[in-house]
There are 2 protein chains.
Amino acid sequence: MRVSLSTVSIFNGLDEIALNDILSQIIFQRKSFSEGALVVSQGEECNRLMILIEGKVKGEMSSPTGKSLKIEDMEAPSVLASAFLFGQNNTFPVNILAETEVKFIVIPKTELLKLFQISDRILQNFLSMISSRAQFLSEKLRFHSFKALKAKLSFYLMNESRQREMFKLRHSQNELSELFAVARPSVGRAFMQLQEDGIIDVRYKQVHILNRSSLALACNE
Amino acid sequence: MRVSLSTVSIFNGLDEIALNDILSQIIFQRKSFSEGALVVSQGEECNRLMILIEGKVKGEMSSPTGKSLKIEDMEAPSVLASAFLFGQNNTFPVNILAETEVKFIVIPKTELLKLFQISDRILQNFLSMISSRAQFLSEKLRFHSFKALKAKLSFYLMNESRQREMFKLRHSQNELSELFAVARPSVGRAFMQLQEDGIIDVRYKQVHILNRSSLALACNE
DNA sequence: AAAAAGTTGTCACATTTGTTACATTTGAAA
DNA sequence: TTTCAAATGTAACAAATGTGACAACTTTTT
């Protein structure tokens, strides 16, 4: 189940052999956490790159009320903390929780700088990752600026369906309520409204998109 | 009113002479816009670094309803678009509007890459900027996850006051309503509530913080 | 197959926020 | 100073969302 390191985005374009050579030149750690563990807590100093090579984690922001806003799910292979490593206030903005057994490779910031000098390709990969990250955060921000819940849900359904007319929801209404930062019954109501509008047909996790163009319009309300 | 280039964050630590030498090695443009102009529109390809050297701009996301969510104000010297240059989907996530006459230096992506090779310092500055940018976006995101408007306003007041007991608001309620993504009368109500709670005293733009610790608590509701 | 746990549909009611409107106050311009 | 545009205080009502609850249904576990 563990992934090959060459599939990790920061090592894009490097083959196993080159990669082994490069990695032999720096110091790094391996770390494991068991299911449910708090891998990183919000506010903790961000001074090392964490590469998830096995398992799944989720990132969530604990809002001040104690409730949490789920930011994203990640599964191996992926790179955590990339965008926060070099900032002024380099702290993690989220809690990261292990959803399964997870394994990481941990590269200290100083060693990462060495990597940049060794391989131009790694630097370019890193720049690309960090930019995508900022794009991701902007998208999240736009998403939360969608005021109406119906619009949020419509947008979500547009993305989840990917052209298909029928599909199964990956998330429960409870999870959606965390993603959208609303109460659970509100999610149910929003589904109901889209159904009453004749835009979708939904029964438990099974969704049938009846009118995709109306769904697109519903994103704009 | 135009600022010296050495005060721009991406050129931190370089003196005028070194900077002139470096800049002579690359190709870049100067661009001006008049007040009110749309400097960059959301969705436009982001393939050049824009350095604001004179004037003020604001960035806002047009939400699908046509309403806009103000993201930030920027004034010279500052660097735009840094975080989106190298991503997969390198488009601007915001509209950028000139609030005064503005002047820019525009450096194409390819030339920026040259700069990185010429000066390690510029690369490091760039990494730092882009990380701070991601932090900024995360903070925005957390802010919008503050559900209650009273909490948003409290948080805003905590930041704006900076230790002081009395201060003048920099933004009108109308502007605040854009920042918070709510309706204007709601902002007024939130002020009123904080006043009724005995936490602040507010009369038009003049704010008096009566109980800072309660204000801090109010952020968590 | 049966039991347990989790998910969903749904309700009534409280609370918050949006909308529209208008009078008042302030600050800037004439 | 006077005038005027903008900002603010405030109200009534509409709409959306939160809360708590419970039954019905699914899925997973035993």
Side-chain angles (χ1 to χ4, degrees), chain A residues 35-36 63-70 99-100 143-157 160 167-197 200-208 218-221, chain B residues 63-70 99 143-157 167-197 200-208 218-221:
Chain A
E35 183 177 338
S63 90
T65 61
K67 291 189 181 175
S68 62
L69 173 69
K70 184 188 273 189
E99 295 206 298
T100 64
F143 184 68
H144 281 284
S145 78
F146 284 35
K147 294 291 301 284
L149 177 53
K150 210 165 132 187
K152 282 185 186 177
L153 179 60
S154 302
F155 187 78
Y156 169 86
L157 290 174
E160 286 293 298
F167 65 102
K168 280 216 157 191
L169 291 171
R170 287 187 306 164
H171 300 100
S172 69
Q173 289 189 3
N174 220 327
E175 290 174 303
L176 292 180
S177 74
E178 283 183 25
L179 275 172
F180 302 161
V182 297
R184 203 266 303 170
S186 302
V187 176
R189 278 188 289 239
F191 270 114
M192 221 177 57
Q193 286 167 20
L194 287 176
Q195 179 145 5
E196 279 168 7
D197 296 350
I200 63 170
D201 203 44
V202 57
R203 185 173 171 72
Y204 296 93
K205 289 212 159 19
Q206 190 63 46
V207 177
H208 187 178
C219 295
N220 303 346
E221 282 171 10
Chain B
S63 91
T65 61
K67 291 189 181 176
S68 63
L69 173 69
K70 185 189 272 188
E99 294 206 297
F143 184 69
H144 281 283
S145 78
F146 285 33
K147 293 294 300 286
L149 177 53
K150 211 164 130 186
K152 283 185 185 175
L153 179 59
S154 302
F155 187 78
Y156 170 85
L157 291 174
F167 65 101
K168 280 216 158 191
L169 291 171
R170 288 186 306 164
H171 301 99
S172 69
Q173 288 190 5
N174 221 326
E175 290 175 303
L176 291 180
S177 75
E178 282 183 26
L179 274 172
F180 302 160
V182 297
R184 204 265 304 169
S186 302
V187 176
R189 278 189 291 240
F191 271 115
M192 221 177 59
Q193 285 167 21
L194 287 176
Q195 179 145 5
E196 279 169 5
D197 296 349
I200 63 171
D201 202 45
V202 58
R203 186 173 170 73
Y204 294 92
K205 288 214 160 20
Q206 190 62 45
V207 177
H208 186 177
C219 296
N220 303 346
E221 282 172 10

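These numbers come from a predicted model, not from an experiment. When reading the values below, keep in mind they use all heavy atoms of this one structure, side chains included, and skip hydrogens, waters and symmetry mates.
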In terms of heavy-atom contacts, B:H171 and B:E175 come closest through CA-OE1, 3.2 Å

Rounded to 10°, the helix from C:dA1-D:dT30 to C:dA30-D:dT1 deviates from straight, judged by its five-pair end axes, by 50°

Separation of C:dT8 atom P from A:I200 atom CD1, nearest Å, is 13 Å

Per-nt protein contacts along nucleotides 20-25 of chain D (heavy atom under 4.0 Å; B base, S backbone sugar-phosphate only, - none) come out as BB---S

When rounded to whole Å, the CG to P distance for the pair A:L149 and C:dG18 reads 14 Å

Next on the checklist: With a 4.5 Å cut-off on side-chain heavy atoms, are A:I200 and A:H208 touching?
Outcome noted: no

Rounded to whole Å, the CD-C1' distance (B:Q195 to D:dG9) equals 11 Å

To the nearest angstrom, the CD-P distance between B:E178 and D:dA7 comes to 11 Å

Is there a side-chain polar atom (N or O) of B:K205 under 4.0 Å from OP1 or OP2 of D:dT8?
yes

CD (B:Q195) and CZ (B:R203) are apart, to the nearest 0.5 Å, by 10.0 Å

Here the distance between atom P of C:dT7 and atom CD of A:Q206, to the nearest Å, is 18 Å

Looking only at heavy atoms, the pair that brings A:S154 and A:L194 closest together is OG-CD2, 3.7 Å

In whole angstroms, the gap separating C1' of D:dT8 from NE2 of B:H171 amounts to 17 Å

What does A:K152 touch in the nucleic acid at a heavy-atom separation under 4.0 angstrom: a base, only the sugar-phosphate, or nothing? nothing

To the nearest angstrom, the CZ-P distance between B:F180 and C:dT17 comes to 12 Å

With A:F180 as partner, the option from A:Y156, A:F155, A:F191 fulfilling ring-ring contact (aromatic ring centres under 6.0 Å, His included) is A:Y156

Under 3.5 Å, is there any donor-acceptor pair linking the side chain of B:R189 to the base of C:dG18?
yes

Check your understanding: Does the pair B:K168 and B:V207 meet the rule for a side chain to side chain contact (heavy atoms under 4.5 Å, CB included), with working shown?
Key -> CA-CA 6 Å; B:K168 280 216 158 191; B:V207 177; over 6 Å; no

Would B:L176 and B:V182 count as a side chain to side chain contact (heavy atoms under 4.5 Å, CB included) here? Give the steps. CA-CA 8 Å; B:L176 291 180; B:V182 297; over 6 Å; no

Margin query: Please tell me if A:Q173 has a side-chain N or O lying less than 4.0 Å from either OP1 or OP2 of C:dG9.
Written below: yes

Contacts of B:A151 meeting side chain to side chain contact (heavy atoms under 4.5 Å, CB included) (sequence neighbours excluded), chain-then-number -> B:F146, B:A148

note: B:L169, atom CG; D:dA7, atom P; distance rounded to Å ~ 13 Å

Of all heavy-atom pairs linking A:S186 and A:L149, the shortest is O-CD2, 3.4 Å

